[in-house]
Asker: 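The structure under discussion is supplied below as structure tokens; questions concerning it will follow.
Just so you know, these numbers come straight off a predicted model, no measurement behind them.
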Amino acid sequence: PLQEQIIATVLDANDSLVLMPTGGGKSLCYQLPSLRLDGLTLVVSPLIALMKDQVDALKANGLAADFINSTLPYSEVRRVQADALAGRLRILYVAPERLALDSFQAFLDRLDVSLIAVDEAHCISEWGHDFRPDYRNLKALRRRLPDAPVIALTATATQRVREDIVAQLALRDCRVFVSSFNRPNLTYHVRPKRRTYEALLDILEAHRDQSAIIYRFSRKDTENLARRLSDDGINALPYHAGLDGPVRSTTQERFVRDEVSVIVATIAFGMGIDKPDVRLVVHYDMPKSVEGYYQETGRAGRDGLPSDCVFY
């Protein structure tokens, strides 16, 4: 729903703010117009893990796309920039911290940008659940490329956050599209926090060999619970921001490839996990906010099949 109207708005060179649930098809709203627009579509995204997945999928479909973020060596950054300047790319994904670099701004000045897509747009608002200071540099990007329309996309934003996104990105005559946030394939269970671990084992047994994410509040708790589950014969690994980058990447890849069925994680895990068949999301601890809870449970059932969300 709404994709056709959003794409028409983008092709008419109008600014837009798009609120769609996780798995609702936001990416197509800028990927498809990029085929029709003359210049480059610049996508700003904080999801380094997802960039490569999206670019690989676009390339597999014959679309010239690439990305620039901190995982690339300098030689690769130079190659991607050369491709963009030569008009060999339709879509370029960039991490927001790049926008502050003088060298990157000079590169932008030489590009023919016909559309700016801001993914996870709630990150620009201090009222949002996942504020990122690097996103404030998007104001300068808008001033630098005043003729390129902007599409801002998010899966979660209160009215206050929406208004802040429009103001921070200086969106002009902005059309706002709000899709239904009901995910009918998700079943929500709220349980009292009593004998929680034993109850968790029962739930995991009911979802044996299915992909599950268990959210904990602290890094220490993720490691302790993952260890306890492993001792009880469950294929589980911890994930949090304190782990080394290569360890996080390997854990994520093993989960996506179904080599590990259960991830015990802080909220550092999930943004950018493009795994459609997560059948279970458990909140072992209280989430920070309703928006955060919605975003985290939204990782379940992205393929549209029945999935469970359990909240202690």
Asker: Testing the basics here: between C174 and V166, what is the closest heavy-atom pair and its distance to 0.1 Å?
Answerer: SG-CG2, 4.3 Å
Asker: Step through the shown structure and confirm whether more than 12 heavy atoms of other residues, nucleotides or ligands are within 6.0 Å of NZ on K288.
Answerer: no
Asker: Would R279 and D303 satisfy salt bridge (Lys or Arg N to Asp or Glu O under 4.0 Å), going step by step from the backbone distance to the final call?
Answerer: CA-CA 10 Å; R279 294 276 81 91; D303 53 7; 2.7 Å; yes
Asker: Would H122 and F131 count as a side-chain contact (heavy atoms from CB on, under 4.5 Å) here? Give the steps.
Answerer: CA-CA 7 Å; H122 57 274; F131 171 63; over 6 Å; no
Asker: Is a side-chain donor or acceptor of N137 paired with a backbone partner of D134 at a separation under 3.5 angstrom?
Answerer: yes
Asker: Keeping the roles fixed (side chain from D308, backbone from L280), state whether a donor-acceptor pair exists under 3.5 Å.
Answerer: no
Asker: Taking K275 first and then D277, would you say they form a salt bridge - that is, a charged N and a carboxylate O separated by under 4.0 Å?
Answerer: yes
Asker: Could you tell me the separation between the CD atom of E163 and the OG1 atom of T158, rounded to the nearest 0.5 Å?
Answerer: 8.5 Å
Asker: How far does CD of E198 sit from CG of L200, to the nearest 0.5 angstrom?
Answerer: 9.5 Å
Asker: side-chain contact (heavy atoms from CB on, under 4.5 Å), that's the test. Do K26 and Q3 meet it? Break it down for me.
Answerer: CA-CA 8 Å; K26 291 186 290 296; Q3 279 180 322; over 6 Å; no
Asker: When you group the ILVMFWY residues by side-chain heavy-atom contacts below 4.5 Å and let the links chain together, are L108 and V77 in the same group?
Answerer: yes
Asker: So, are D164 and R160 salt-bridged, with charged N and O less than 4.0 Å apart?
Answerer: no
Asker: Any heavy-atom pair between the side chains of R175 and N14 that's under 4.5 Å?
Answerer: no
Asker: Do V290 and M286 belong to the same hydrophobic cluster, where Ile, Leu, Val, Met, Phe, Trp and Tyr are linked whenever their side-chain heavy atoms lie under 4.5 Å apart, directly or via other members?
Answerer: no
Asker: Is there a salt bridge (Lys or Arg N to Asp or Glu O under 4.0 Å) between E223 and R219 once you walk through the steps?
Answerer: CA-CA 7 Å; E223 295 189 6; R219 298 175 180 184; over 6 Å; no
Asker: Answer yes or no: is there a side-chain heavy-atom contact under 4.5 Å between P21 and S179?
Answerer: yes
Asker: Identify whether I68 and L63 are in the same connected component of the hydrophobic contact network (ILVMFWY, side-chain heavy atoms under 4.5 Å).
Answerer: yes
Asker: For R248 and A241, indicate whether the former's side chain and the latter's backbone hold a donor-acceptor pair under 3.5 Å.
Answerer: yes
Asker: What's the separation between atom OG1 in T154 and atom CE in M20, rounded to the nearest 0.5 Å?
Answerer: 12.0 Å
Asker: Would you say that Q252 contacts L237 through its side chain, given a criterion of any heavy-atom pair below 4.5 Å between the two side chains?
Answerer: no
Asker: Taking side chain as C-beta onward, heavy atoms only, is L89 less than 4.5 Å from V80?
Answerer: yes
Asker: Quick check: closest heavy atoms across C309 and L186, and the distance to 0.1 Å?
Answerer: SG-CD1, 4.2 Å
Asker: Regarding R90 and D38, does a basic nitrogen lie under 4.0 Å from an acidic carboxylate oxygen?
Answerer: no
Asker: Give, for atom OG of S16 and atom CG of L153, the distance between the pair rounded to the nearest 0.5 Å.
Answerer: 7.0 Å
Asker: Answer with yes or no after comparing the ring centroid distance for Y188 and F311 against a 6.0 Å cut-off, counting only values under it.
Answerer: no
Asker: Indicate if L11 and V18 have the same hydrophobic cluster label, given that clusters are the connected sets of ILVMFWY residues with side-chain heavy-atom separations under 4.5 angstrom.
Answerer: yes
Asker: Using modelled atom types only, decide if a donor and an acceptor are shared between the side chain of R183 and the backbone of A300 within a distance under 3.5 Å.
Answerer: yes
Asker: Dump the intermediate steps for side-chain contact (heavy atoms from CB on, under 4.5 Å) on F107 and L101, then the final yes or no.
Answerer: CA-CA 10 Å; F107 160 66; L101 303 177; over 6 Å; no
Asker: What pair of heavy atoms forms the shortest contact from Y294 to A155, and how long is it?
Answerer: CE2-O, 3.6 Å
Asker: Would you check if the side chain of Q210 reaches a backbone N or O of S261 as a donor-acceptor pair within less than 3.5 Å?
Answerer: no
Asker: Apply salt bridge (Lys or Arg N to Asp or Glu O under 4.0 Å) to R144 and D109, showing your working.
Answerer: CA-CA 7 Å; R144 197 164 222 103; D109 288 340; 2.8 Å; yes
Asker: Please give me the minimum heavy-atom distance between L225 and I214, naming the atom from each residue.
Answerer: CD2-CG2, 3.9 Å
Asker: Taking atom CG of D231 as the centre, report whether more than 12 heavy atoms of other residues, nucleotides or ligands fall under 6.0 Å from it.
Answerer: yes
Asker: Would the distance check show the side chain of Y93 and the main-chain N or O of N69 forming a donor-acceptor pair, the cut-off being under 3.5 Å?
Answerer: no
Asker: For F67, does the six-membered ring have the charged nitrogen or CZ of K52 within the cation-pi criterion, i.e. under 6.0 angstrom from the centroid and within 45° of the normal?
Answerer: no
Asker: Do other residues, nucleotides or ligands put more than 12 heavy atoms under 6.0 Å from Q159 CD?
Answerer: yes
Asker: Apply side-chain contact (heavy atoms from CB on, under 4.5 Å) to the pair V113 and L92, showing each step before the final yes or no.
Answerer: CA-CA 10 Å; V113 176; L92 176 62; over 6 Å; no
Asker: Rounded to the nearest 0.5 Å, what's the gap from OH on Y135 to CG on D130? Could you check?
Answerer: 9.0 Å
Asker: How many angstroms lie between atom CG of L115 and atom OG1 of T41, to the nearest 0.5 angstrom?
Answerer: 4.5 Å
Asker: Give the cluster check for V55 versus Y30: same hydrophobic cluster or not, with ILVMFWY residues linked at side-chain heavy-atom distances below 4.5 Å.
Answerer: yes
Asker: Is it the case that atom CZ in R36 sees more than 12 heavy atoms from other parts of the structure closer than 6.0 Å?
Answerer: no
Asker: Looking at V247, is its backbone amide N or carbonyl O close enough to the side chain of Y239 to form a donor-acceptor pair, meaning the two atoms are under 3.5 Å apart?
Answerer: no
Asker: Does the gap between the ring centers of H283 and Y293 come in under 6.0 Å?
Answerer: yes
Asker: Answer whether the closest heavy-atom distance between the side chains of L138 and Q168 falls below 4.5 Å.
Answerer: no
Asker: Ignoring hydrogens, what is the shortest heavy-atom contact between P96 and S45? Give both atom names and the distance.
Answerer: CD-O, 3.3 Å
Asker: Could you check if a side-chain atom of V94 sits within less than 4.5 angstrom of a side-chain atom of L42, using non-hydrogen atoms only?
Answerer: yes
Asker: Between R142 and D15, is there a salt bridge with N-O shorter than 4.0 Å?
Answerer: yes
Asker: Contact between V118 and I124 at the side-chain level, heavy atoms closer than 4.5 Å - yes or no?
Answerer: no
Asker: Give me the atom names and distance for the closest heavy-atom approach of G25 to C29.
Answerer: O-SG, 3.8 Å
Asker: Is there a donor-acceptor pair closer than 3.5 Å between any side-chain N or O of D285 and the backbone N or O of F217?
Answerer: yes
Asker: Taking it one step at a time, do Y215 and Y284 satisfy ring-ring contact (aromatic ring centres under 6.0 Å, His included)?
Answerer: CA-CA 6 Å; Y215 283 107; Y284 205 92; over 10 Å; no
Asker: Taking C-beta and beyond as the side chain, do V44 and L141 meet within less than 4.5 Å on heavy atoms?
Answerer: yes
Asker: For R172, look at atom CZ and say whether over 12 heavy atoms of other residues, nucleotides or ligands are found less than 6.0 Å away.
Answerer: yes
